[in-house]
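Following: one structure in structure tokens, then a few remarks.
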Amino acid sequence: MKVSIEENQVAMSGISIIWSSSSLNISEYNAYISSPEIIEFPTKVPGQTAFAYLYLPSNSNYQGFEDEKPPLLVESHGGPTSESGAALNLSIQYWTSRGWAFADVNYGGSSGYSRQYRERLNASWGIVDVDDCCSCAEFLVSTGRVDGERLCITGKSAGGYTTLAALVFRKTFKAGASLFGVADLALLKADMPKFESYYTDSLVGKDESLLYDRSPINFVDKLSCPIILFQGLEDKVVLPEQARKIYAAVKEKGLPVALIEYEGEQHGFRKAENIKHTLEQQMVFFARLIGKFKAADDIIPVHIENFD
């Protein structure tokens, strides 16, 4: 990009590609790409709104039935005070090219919307983020854009915590997937590195009773839907013990549950085969558990406790 800077004026005169990390011509696949739509939806607080990027199903080779609305996958981003953007994300396109609607939620507390918006999460992690993800799904159902009987939620790390909390403390979603998600806030605080040691104090509070009350692991009896868990065995941020604790508790409760652990993976999966496997297993898990559709790809499902 060539930019000319003159007094009180900046002009762009042209764009040229110097180097590309891929030879793939993405324009050849435009018919399969779902472009994000910015949506603003009401939250649980009267007069307040939050935001999300909505991706509707897009595949030029297939068309859904006129009387059928698509299933919805809501993603809660990590951080938890980071932000989801609108850049091309092929993981999202995996879902939309296979008939799903996908909502990438920037719940209250996300960066990029003002200091006031960011501070909504102060002392309210596990409440505001959960409510906003639920409100987004409910809004899309009420406006007739998705199937209210096929609502799922997924998230990584802090987003995995929001996922677990939404499934335990609310009844909006029918199934969920947690990727190296936090199940026990007290355990998270105890294992936090020094530079983040006071993070939970601002997000939840210093009172240990608050950590207990907002930890999904302590209230698995309230869970009423299937869940699949993914965990790296070398994760030093959210230790594998957290995923194993929630898995054991859900299994004992008698609900469908699966746990997939990856050797050599840390906090965030890096190996291509594991990223692919995680996407596919989420897809087939939801296909089998919430029904009404069959996964388009030839995927061998993992064993699901209390189901297979």
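Residue numbers run from 1 in the order of the sequence given. Quick caveat: nothing in here was measured; it's all calculated off a predicted structure.
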Tyr212 ring center near Phe219 ring center (under 6.0 Å): yes

Lys171 atom NZ: more than 12 heavy-atom contacts under 6.0 Å: yes

Whether Tyr55 and Phe102 hold their rings parallel, tilted or perpendicular, with breakpoints at 30° and 60°: perpendicular

Heavy-atom pair of closest approach, residues Gln231 and Ala243: OE1-CB, 3.7 Å

Donor-acceptor under 3.5 Å (Asn59 side chain, Arg98 main chain): no

Backbone of Pro57 reached by a side-chain donor or acceptor of Thr96 within 3.5 Å: no

Note: Lys44-Glu138 ion pair, threshold 4.0 Å (strictly below): yes

Near-ring test Tyr107/His77, centroid separation under 6.0 angstrom: yes

Aromatic plane relationship, Phe230 with Tyr262 - under 30° parallel, 30 to 60° tilted, over 60° perpendicular: parallel

Thr43 and Gln48: side chain donor to acceptor below 3.5 Å: yes

Heavy atoms from other residues, nucleotides or ligands near CD of Glu208 exceed 12 (cutoff 6.0 Å): no

Arg270 side chain to Gly268 backbone, donor-acceptor under 3.5 Å: yes

Pairs where residues 58-69 contributes a residue and the test salt bridge (charged side-chain N to carboxylate O under 4.0 Å, His left out) is met, not counting sequence neighbours: Glu68-Arg150

Near-ring test Tyr113/Phe51, centroid separation under 6.0 angstrom: yes

Exam field: side chain Asp297 to backbone Ile299, donor-acceptor pair closer than 3.5 Å: no

Glu40, CD atom: more than 12 neighbouring heavy atoms under 6.0 Å: yes

Steps toward ring-ring contact (aromatic ring centres under 6.0 Å, His included) verdict (Tyr94, Trp100): CA-CA 9 Å; Tyr94 174 81; Trp100 283 72; 9.9 Å; no

Short side-chain donor-acceptor distance under 3.5 Å, Thr81 and Tyr199: yes

Asp308/Arg288 salt bridge by N-O under 4.0 Å criterion: yes

Whether over 12 other heavy atoms sit under 6.0 Å from Gln63 CD: no

